[in-house]
Amino acid sequence: MQTAKVGYGMTHVEKAEQLLHQQYHCSQALFGAFAEDLGLDLKTAFKISTCFGAGMRQGSICGCITASLMVLGMALGFYDSQDRELEVYGNQKTDAFIQAFRQKMNGDMNCRDILGKDVSKPAEMAVIRKEGLILQKCPRALHAAIGILEQMLADYLKDIRESSIDLADIPDNEMQSVIKRMGRVRTFRRQVSELIFSTSREIAFIQFDIRKFKIINDLYGEKFGDEILDFVIRTLRETCLEHQFFVNLRSDVFMVVMEFDKDNELTSWIHSLDSKISNYKNIKLQMSYGVYVVEDKEMELRQMEDRAAMARKAVKKNILTNITFYKEQYKESLYNRKFIEENMQTAITERQFMMYLQPKYSIAKNEIIGAEALVRWKNPERGMIYPDQFIPIIEENGFIKKVDYYIWEEACRFLKKCAQAGFQSCPISVNVSRVHLLDNECIEVLDGLIEKYAIPKGMLELEITESADTQQISMKVLQLKEEGFTLLMDDFGSGYSSLNILLETPFDVIKLDKKFMENMMVSGKGRLILEQVAGMVNKLDLGLLAEGVETKEQIELLKSIGCDQVQGYFYAKPMPQEEFFELLKKQNNG
C-alpha cells in the first residue's frame, strides 16, 4: 500500500475520499480525515483505527460507525472518571449518532447491506474488488457519517460558546480548534490530578470570571469580548510557571490550579495577576476570584472545582473584596441550585408554579383597582420555594422565559374567569423580564394569549423594570405600546436612568420603588423630592402607583402628594388567585 498523503485545506469528506482511493478501508479513511483535528499524524491514526476492521471483515457493523464513535469519544471525552455527567452525555451522543446514521442510510448499518455483498466470503469479496464496489458504495456511508459528526461537533461548540452559531459559520479548518478546545479541559484535569498526588505543598483551585462581561459584549461587540478573553489567556500563559496550570472553562470563566506554602503567597499571586488583567485598551475589567484550598486529596476533581466556583459566585455579593475563600456553607447553595435546575421543567409540566396576586388599591375609594401577578413554586418535596431562591437562577440560565409565559397564561385565564363572573374591570399586571425584550417572541406570545382567552389588551398590563434601558429594549417597549398594551415602569428610582427612560419610552404608569420611597421619607428634602416626582408624573399625564406600602404614615404622605394608587402589605400580601377571586367577588357584591 502506498504511503498515505492528505492535502491541507481539504474538507473532511475530501480527505476521507482521497484515503479511500488510496485503498485504506472506510474506518481508516474516516478516522484519518479527522486525525489532524485530534492532534494525530496519519500513521498513529491508522494504528488506532486498525481494530475497527474486525467487524467489517465479518460483514457486520460498518467501519464508518465505529470510527465515528471513536472521533466523538476523543473529541467530547465520553469517559471521565471525574465527570459522570459527561459520561452520560457521551452515551446520549453515541445513541444520537447511530440513530442519525441509520436514518440517513435508510436502515443500512452493516457492510453486507451497504456493499450488497458479503466481505466475509472470498467469492463475494472477489466481486467487490473486481467491480470496485468499495469506491462506488462506501462514499455514501462516509458522507453520511462525516455530515453527522460535523453537525454534532458544531452543536457542541454552540453549547460551550453559549451562543447561536450555524454550521455554515464554522469553516472546516476551525473544527480542529473546536476539538482542541474540547480536549483542553481534559488535559488540564489530568495535569492537576498528577500535581495533587505528586506534591507535598498546599494546592489551591482559583476560579475567576469577568464581572458584567455580557454588558461589555453588548456595548463593544462580541469581537472585542473575544479580544479580552485572548488577552487574559495570553497573560495567564506568561504568568503561570511550572506546576501552575490554567484553563478557559467557558466564556469568561477561568481556572488556575497552583501549589503554594503560605496563604499570603497565594493572595499575592492573585493580586499580581489581577493587576495585569484589570485593564484592556482603557476598559476597566473587574474580576471575581473564588479560591478552594484542597483539604482531602481523595476528593473528586470536579468537587474541588465546584467549591472554587461556589466561592467565585459568593464573592460577587461582597463590595469590599473580589477574592473569597470557599466556606462549607456554600455547599448548600450549590445543592439548591442543582435542585432547582433539575426540577424546573417538571415544575412547569406538573403545574407546580403558582400565580399569586397582590392587590392594588385606591386610597380614596378604599377598593381594589387591579393586581400584580407574582410567581411561587410549591414543590412536593420541599414545599413552598420563594422567588428569591429560584428567580436569580432561572434568569441566569434563561428558563425565566418559560416561567413568565406560564404566569402570563395564568393571568389571562384568571381575567377570563373574572369576565365570565361579571366582575368590574380589574386589570392584572405581569412582569416582562429583560430577556423577552431582546427578541420578537414575546409579542407573538402575548398576542396569542390575548386572542386565545378573548380578553381586552388593556386588561393585561406589562411591568418592565427601569434598568432595562438599552436602545434595543426601548425599541421593543415602543412596539409593545404600539400593539396596544398598557406599560408600567417598575422600580422607578432604584437606578440612575429613570428620567432618561421617561423621556424616551412611552410608559403609562410609574411604580415608585419601595426603597426609593422609604429613603425619601426620612428627611424634609427627601419628601420634597418625592412631591416633585409626583407633580412631574401628573403633568406628564401618567399614572403613579407606590409599591411596598406598609404604614399609615406612608399612606398619609402619598395622599398629600396626590398619589392615589398603592400596593403593599398595608392593604394585602400576595395571595393565591382563588383567595383574590373571593375578594373581588365580595367587592363586586358589596
Side-chain angles (χ1 to χ4, degrees), residues 77 79-87 160 181-211 232-233 235-277 287-318 320-339 341:
Y79 178 78
D80 184 342
S81 61
Q82 302 295 340
D83 193 343
R84 298 304 180 193
E85 290 181 6
L86 185 61
E87 187 178 348
I160 62 176
R181 181 172 180 177
M182 295 169 187
R184 283 188 193 122
V185 174
R186 295 196 304 279
T187 301
F188 166 79
R189 287 181 177 146
R190 187 185 67 249
Q191 292 170 331
V192 169
S193 183
E194 291 170 357
L195 174 64
I196 289 172
F197 290 103
S198 66
T199 184
S200 58
R201 303 174 70 193
E202 297 274 11
I203 298 290
F205 282 68
I206 306 164
Q207 189 175 119
F208 68 94
D209 65 9
I210 304 170
R211 292 187 183 183
V232 174
I233 291 170
T235 307
L236 283 169
R237 191 174 291 124
E238 294 165 2
T239 303
C240 291
L241 305 175
E242 187 179 10
H243 297 157
Q244 294 177 342
F245 304 108
F246 76 89
V247 70
N248 180 196
L249 288 173
R250 63 186 178 278
S251 185
D252 65 316
V253 180
F254 297 84
M255 177 81 81
V256 178
V257 176
M258 60 180 289
E259 54 183 4
F260 69 101
D261 294 311
K262 297 180 179 179
D263 285 354
N264 62 351
E265 175 189 343
L266 178 60
T267 52
S268 294
W269 188 92
I270 296 173
H271 285 306
S272 174
L273 172 66
D274 193 58
S275 67
K276 296 175 183 177
I277 60 176
M287 308 294 167
S288 297
Y289 297 90
V291 184
Y292 172 68
V293 177
V294 175
E295 297 173 351
D296 178 8
K297 291 189 174 184
E298 299 297 328
M299 182 185 292
E300 286 194 355
L301 219 56
R302 281 299 294 269
Q303 288 181 284
M304 298 178 187
E305 293 176 8
D306 286 342
R307 280 162 167 71
M310 282 185 262
R312 171 179 63 83
K313 292 170 184 174
V315 79
K316 294 179 185 295
K317 302 173 184 176
N318 193 326
L320 301 177
T321 182
N322 65 339
I323 304 173
T324 286
F325 283 71
Y326 169 79
K327 297 175 184 176
E328 197 62 28
Q329 59 260 40
Y330 296 158
K331 189 189 298 183
E332 184 179 350
S333 172
L334 178 69
Y335 290 155
N336 283 335
R337 183 184 187 89
K338 188 174 182 182
F339 178 87
E341 290 181 334

- Task: Quick one: list whatever passes side chain to side chain contact (heavy atoms under 4.5 Å, CB included) with T235, sequence neighbours left out.
- Result: F231, T239, L273, K276, I277

- Does the side chain of Q244 come within less than 4.5 Å of L236's, by heavy atoms? no

- What distance separates C240 SG from M258 CE, expressed to the nearest 0.5 Å? 8.0 Å

- Item | Partners meeting side chain to side chain contact (heavy atoms under 4.5 Å, CB included) with E298 (sequence neighbours left out) | F197, D296

Please set out all donor-acceptor pairs under 3.5 angstrom arising from side-chain atoms of residues 306-315, sequence neighbours excluded.
residue : atom : partner : partner atom : Å
R312    : NE   : Q207    : OE1          : 2.7
R312    : NH1  : D209    : OD2          : 2.6
R312    : NH2  : Q207    : OE1          : 3.0

- Item | Criterion side chain to side chain contact (heavy atoms under 4.5 Å, CB included) on M304 and I196, from CA distance to verdict | CA-CA 11 Å; M304 298 178 187; I196 289 172; 3.8 Å; yes

- Contacts of type side chain to side chain donor-acceptor pair (under 3.5 Å), residue E305, not counting sequence neighbours: R189

- Message: Between N322 and F208, is the side chain to side chain contact (heavy atoms under 4.5 Å, CB included) condition met? List the steps.
- Response: CA-CA 10 Å; N322 65 339; F208 68 94; over 6 Å; no

- Message: Between M299 and V294, does the side chain to side chain contact (heavy atoms under 4.5 Å, CB included) criterion hold? Intermediate values first, please.
- Response: CA-CA 9 Å; M299 182 185 292; V294 175; over 6 Å; no

- Item | Point-to-point distance, once rounded to the nearest 0.5 Å, from NE2 of H271 to CG of L266 | 9.5 Å

- Task: Go through the steps to decide whether F325 and T267 satisfy the test side chain to side chain contact (heavy atoms under 4.5 Å, CB included), and finish with yes or no.
- Result: CA-CA 10 Å; F325 283 71; T267 52; 4.1 Å; yes

- Task: List in chain and number order the residues that pass side chain to side chain donor-acceptor pair (under 3.5 Å) with R190, two or more places apart in sequence or in another chain; answer none if no residue qualifies.
- Result: none

- Message: Once side chain to side chain contact (heavy atoms under 4.5 Å, CB included) is applied, do any residues pair with R201, and if so which ones, sequence neighbours excluded?
- Response: T199, E259, D261, E265

- Where R211 and T321 come nearest, the two heavy atoms and their spacing: NH2-O, 3.9 Å

- Residues which pass salt bridge (charged side-chain N to carboxylate O under 4.0 Å, His left out) with E295, listed by chain and number, not counting sequence neighbours: none

- Could you give the distance from NZ (K338) to CG (N336), rounded to the nearest 0.5 Å? 12.5 Å

- Query: With sequence neighbours excluded, what pairs up with Y289 under the side chain to side chain donor-acceptor pair (under 3.5 Å) test?
  - Reply: D274

- Item | F188 side, atom CZ; L301 side, atom CG - distance, nearest 0.5 Å | 7.5 Å

- For D263, all residues meeting side chain to side chain donor-acceptor pair (under 3.5 Å), sequence neighbours excluded: none

- Query: Between F246 and V232, is any pair of side-chain heavy atoms under 4.5 Å apart?
  - Reply: no

- Task: Side-chain contact test, heavy atoms from C-beta onward, threshold under 4.5 Å: evaluate it for I210 versus M287 and give yes or no.
- Result: yes

- Query: Taking the inter-plane angle between the rings of Y326 and Y292 on a 0 to 90° scale, is it parallel (under 30°), tilted (30 to 60°) or perpendicular (over 60°)?
  - Reply: perpendicular

